[in-house]
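Since the structure comes first, as structure tokens, the remarks are kept for the end.
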Amino acid sequence: MISAEVIKGVQELLEGRRVQQKAGEKFGDFVARGLGISARQTEILLDTLHDGHDVDDAIRAADIDPTAVSGDLLVQLARVIGTALGRGAPKN
């Protein structure tokens, strides 16, 4: 399950790119629309990144054509997720 911190970070990233979540739109559908990929690909991509894999692994796992989505956007997405997870991790 994707954490609230990750959801917030991804929403902020996409909204910064002028992609607004529509009323009643599921998070996965919003991200899929923002990235220009299917909802299934989005779910796999987010889960893979959330599990700590790198962007290239996530793209392969989700069967995304790397030329179909901005590599810069995917790197930013991975950074947002990594940062959100880092903030949510318990500190020793």
Side-chain angles (χ1 to χ4, degrees):
M1 173 178 248
I2 296 182
S3 69
E5 293 86 8
V6 168
I7 291 171
K8 181 180 177 187
V10 172
Q11 284 174 324
E12 288 174 357
L13 172 65
L14 291 176
E15 288 171 357
R17 291 178 160 262
R18 295 192 169 105
V19 179
Q20 298 294 320
Q21 189 167 4
K22 298 175 183 176
E25 184 176 35
K26 293 180 183 177
F27 178 70
D29 294 337
F30 163 61
V31 177
R33 186 169 49 82
L35 296 176
I37 59 177
S38 74
R40 182 190 74 67
Q41 288 173 311
T42 299
E43 181 179 343
I44 294 168
L45 177 74
L46 292 175
D47 285 342
T48 304
L49 291 172
H50 194 273
D51 289 344
H53 296 275
D54 67 24
V55 174
D56 292 331
D57 288 343
I59 290 170
R60 277 192 297 277
D63 196 26
I64 296 170
D65 176 0
T67 63
V69 180
S70 164
D72 180 54
L73 178 56
L74 292 175
V75 168
Q76 289 178 23
L77 180 69
R79 283 185 183 143
V80 162
I81 291 172
T83 300
L85 291 174
R87 279 197 305 256
K91 302 205 185 317
N92 293 331

*What pair of heavy atoms forms the shortest contact from His50 to Val6, and how long is it?*
CD2-CG2, 3.7 Å

*Heavy-atom closest pair, residues Thr48 and Ala61*: OG1-CB, 3.8 Å

Just list the side-chain donor-acceptor pairs under 3.5 Å for residues 11-22, sequence neighbours left out, or say none.
unit_1: Gln11; atom_1: NE2; unit_2: Gln21; atom_2: OE1; d: 2.8
unit_1: Gln21; atom_1: NE2; unit_2: Glu25; atom_2: O; d: 2.8

*Are any non-hydrogen side-chain atoms of Leu74 and Leu45 less than 4.5 angstrom apart?*
yes

*Indicate, with yes or no, if Ile64 and Ile44 share a hydrophobic cluster defined by side-chain heavy-atom contacts under 4.5 Å among Ile, Leu, Val, Met, Phe, Trp and Tyr.*
no

_Phe30 side chain near Thr42 side chain, heavy-atom distance below 4.5 Å_ = no

_Minimal non-hydrogen separation, Ala78 against Val55, with atom names_ = CB-CG2, 3.3 Å

_Verdict with supporting geometry, Leu35 and Leu77, side chain to side chain contact (heavy atoms under 4.5 Å, CB included)_ = CA-CA 10 Å; Leu35 296 176; Leu77 180 69; 4.1 Å; yes

*What is the minimum heavy-atom distance between Ala62 and Gln41, and which atoms define it?*
O-CG, 3.2 Å

*Quick one: CZ on Arg33 to NZ on Lys26, what's the gap to the nearest 0.5 Å?*
14.5 Å

*Heavy atoms, side chains only, cut-off 4.5 Å: are Asp57 and Asp54 in contact?*
yes

